Amino acid sequence: MPSAEEGVPTARLLVVDDEAVPRLLVARAAAKLGIATDGAASLAEARERVAAFPYQIVVLDLALGEHDGVELLRMLRDAGSDAVLIILSGFAERVRQAAVRLASALGLRVAGTLGKPLRVEALLELLRRLPERGHACGALPETRIDARAIAAGIDKGEFFCLFQPEVTLRERRLVALEMLARWHSPVFGSVPPDVFIPAAERFDLIAALTTNLLRLALPQFRYWRERHPDLTLAVNLSPLCLADLALPEQMSEALAAAGLPPAALLLEVTEGAVLRDEVAAADVLTRLRIRGIRLSIDDFGTGHSSLLSLLHLPFSEVKIDQRFVRTCLSDPEAPKIIRAIVSLARELGLQLVAEGIESEAVAALLTELGCPVGQGYLFAPPLPAAAISARLQPLLEQAPARAKLG
Ligand code: G
Ligand code: G
Ligand code: MN
């Protein structure tokens, strides 16, 4: 895992070559350095790619089928590409140097040239040296997700929320919306949450991110809840936030500011993490609960101390992990585990939600096993706010309690 100083490498590279083998070699070499690669086999394909994504690195062959790489250089210039170039060519060094001069004349940055057949070691060396180079020679100043990139993304409002419905399995009545964070960055493109959430946690920015998202989501949610009074907003809470003793008060204030009662909010905490700092977590969770905010154990069944945390901490809900749900038709053990979780939840008076339901057959089995509420692609994927509003609107006007999603 990279250290905090290194950040998460997210440079993206485009390799333009009409031969498949060099494209593959470049992709493999780049992957070793954590750089994602796209390939283009023609000028037209390269043009499309460059229009669609601001690549940090472009590796290009000068002889490109019927086109010459010089056209490609012009295309990059015309597209306003900020990429650092690595020129790949079977031509003699003299020709390659001419291409470098032309690229520079066009205002493009060239990190170096490589001959063919491609020597992977030489390519790796060029790629490794990229970030250390001076600006004119291809610095990659903003290609890593570091603390600054995330903080700037928060400031600039690049993070937003999608909402995934939870419905009753029998009536398909909407009962909750889970807020799921997304980041669309002009520098990195769409960064998946399993990249930026752990990064934000490592850089101590997860609380700031969650606060930022709640500021966006709570007023939106209030609008929905006015029309759908029993709706719950489920928010994933990093276990790191449970170390902050001021969290319960902050949550109450955020809810009050949005005009929402505490019962509107349910905080999901991944179960494996809960016991890491048991004393602080128990303190914070208990005070949240006393304030009327509900708590859910997310991904239940994947941690090590499920039963202990259930018995000792004031949870109101259990979310059965997708892994049991998705295998419940194929793995004979999975329904037994689900049945046990159902009876445990009943004994302890906990709500129960199954996540990751993708088919009617699975929904039917879960209903039979006694699980009342579910979430998954069968009902709806995570959706933008506008799509939630659009789905709620016509149904809300007639019968708020029976809004059907799916
Ligand atoms: O949609 P999905 O890919 O969103 O989410 C991936 C993972 O990221 C899930 O485990 C989910 O719990 C987590 N996640 C999504 N949004 C947030 C958030 O706002 N805060 C935290 N801590 N985790 C989140
Ligand atoms: O860890 P948590 O339960 O918060 O993560 C929810 C994650 O599950 C999100 O990444 C969400 O996009 C994803 N998800 C939601 N429904 C389904 C589904 O039916 N199938 C699959 N494979 N993933 C789902
Ligand atoms: Mn969740």
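Remember, it's 1-based here, ligands and their atoms both numbered in the order they're listed. Predicted model only: the values in this text are computed from it and were never measured. Side chains included, hydrogens not; waters and symmetry mates left out as well; all remaining heavy atoms used. Sequence positions, counted from 1, serve as the residue numbers for this chain.
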| query | Is the closest heavy-atom distance from Arg182 to ligand 1 below 4.0 Å? | reply | yes
| request: Name whichever N, O or S atom of Glu268 ends up nearest to the Mn ion (ligand 3). | output: OE1
| Taking just the N, O or S atoms of Glu178, which one is nearest to the Mn ion (ligand 3)? | OE2
| Atom of Leu124, atom of Ala29 and distance for their closest heavy-atom approach | CD2-O, 3.4 Å
| Do Arg49 and Phe53 meet the cation-pi criteria used here (NZ or CZ under 6.0 Å from the six-membered ring centre, within 45° of the axis)? | no
| Has Glu158 got more than 12 heavy atoms of other residues, nucleotides or ligands less than 6.0 Å from its CD? | yes
| task | Decide whether Ser296 and Glu268 meet the rule of one side-chain donor and one side-chain acceptor closer than 3.5 Å. | result | no
| said: Please tell me if atom 10 (O) of ligand 1 is touched by the protein, where touching means a protein heavy-atom distance below 4.0 Å. | reply: no
| query | Just going by heavy-atom distances, which of Pro193, Pro192, Cys241 is nearest to atom 8 (O) of ligand 1? | reply | Pro193
| Part of Asp298 within contact of ligand 2 (heavy atoms, under 4.0 Å) | side chain
| request: Below 4.0 angstrom from a heavy atom of Asp299, which ligand 2 atoms are there? Numbered from 1 as shown, please. | output: 1 (O), 2 (P), 3 (O)
| Nearest-0.5 Å distance that lies between atom CZ in Arg23 and atom OG1 in Thr37 | 12.0 Å
| message | Looking at non-hydrogen atoms alone, which of Gln375, Gln164, Glu355 comes nearest to atom 16 (N) of ligand 2? | response | Gln164
| said: Just to be sure I read this right, does ligand 2 sit under 4.0 Å from the backbone of Lys319, its side chain, both, or neither, counting only heavy atoms? | reply: neither
| query | Considering only protein heavy atoms, which is closest to atom 22 (N) of ligand 1, and at what distance to one decimal place? | reply | Ser238 N, 3.4 Å
| query | Under 4.0 angstrom from atom 24 (C) of ligand 1, is there any protein heavy atom? | reply | yes
| request: Just give me the atom name: the N, O or S atom of Asp298 closest to the Mn ion (ligand 3). | output: OD2
| field | Value rounded to 0.5 Å, distance of CG in Leu88 from NZ in Lys116 | value | 5.0 Å
| said: Could you walk me through whether Val373 and Leu352 satisfy the side-chain contact (heavy atoms from CB on, under 4.5 Å) test, starting with their C-alpha distance in whole Å, then the side-chain angles of each, then the deciding distance to 0.1 Å, before giving a yes or no? | reply: CA-CA 6 Å; Val373 176; Leu352 198 57; over 6 Å; no
| request: Decide whether the shortest distance between a heavy atom of Glu178 and an atom of ligand 2 is less than 4.0 Å. | output: yes
| atom 18 (C) of ligand 1: which protein heavy atom is closest, and how many Å away? | Ile197 CD1, 3.7 Å
| message | Against ligand 1, does Asp194 come closer than 4.0 Å with any heavy atom? | response | no
| remark: Under 4.0 Å from one or more heavy atoms of Gly376, ligand 2 contributes atoms 16 (N), 19 (O)
| task | May I ask you to check whether over 12 heavy atoms, not counting those of Arg119, lie within 6.0 Å of atom CZ? | result | no
| What pair of heavy atoms forms the shortest contact from Gly356 to Arg326, and how long is it? | O-CG, 3.4 Å
| said: Can you confirm whether Asp331 is buried at CG, in the sense that more than 12 heavy atoms of other residues, nucleotides or ligands lie under 6.0 Å from that atom? | reply: yes
| Could you state the interatomic distance from CG (Leu233) to CG (Leu218), rounded to the nearest 0.5 Å? | 6.5 Å
| For atom 3 (O) of ligand 2, is the nearest protein heavy atom under 4.0 Å away? | yes
| query | Quick one: does Arg227's side chain have a donor or acceptor within less than 3.5 Å of a partner on Tyr223's backbone? | reply | yes
| said: Among all protein heavy atoms in this structure, tell me which lies nearest to atom 19 (O) of ligand 1, with the distance rounded to 0.1 Å. | reply: Ala181 CB, 3.5 Å
| said: I need the atoms of ligand 2 closer than 4.0 Å to a non-hydrogen atom of Asn236, numbered in the order shown. | reply: 4 (O)
| task | First locate atom CZ of Arg323, then atom CD1 of Ile337, and finally report the distance between them rounded to the nearest 0.5 Å. | result | 11.5 Å
| task | Provide, to 0.1 Å, the distance between atom 17 (C) of ligand 2 and the closest protein heavy atom, together with that atom's residue and name. | result | Tyr377 CE2, 3.3 Å
| message | Please list, in number order, the atoms of ligand 2 under 4.0 Å from a heavy atom of Ile357. | response | 19 (O)
| Atom indices of ligand 2, in the order listed, that fall short of 4.0 Å to a heavy atom of Pro382 | 12 (O)
| query | Hey, does Thr210 sit under 4.0 Å from ligand 1 if you only count heavy atoms? | reply | no
| query | Taking only residues two or more places apart in sequence, or in another chain, which ones meet Arg287 in a side-chain hydrogen bond (donor to acceptor under 3.5 Å, both in side chains)? | reply | Asp283
| Got a sec: is Asp299 within less than 2.8 Å of the Mn ion (ligand 3) via an N/O/S atom? | no
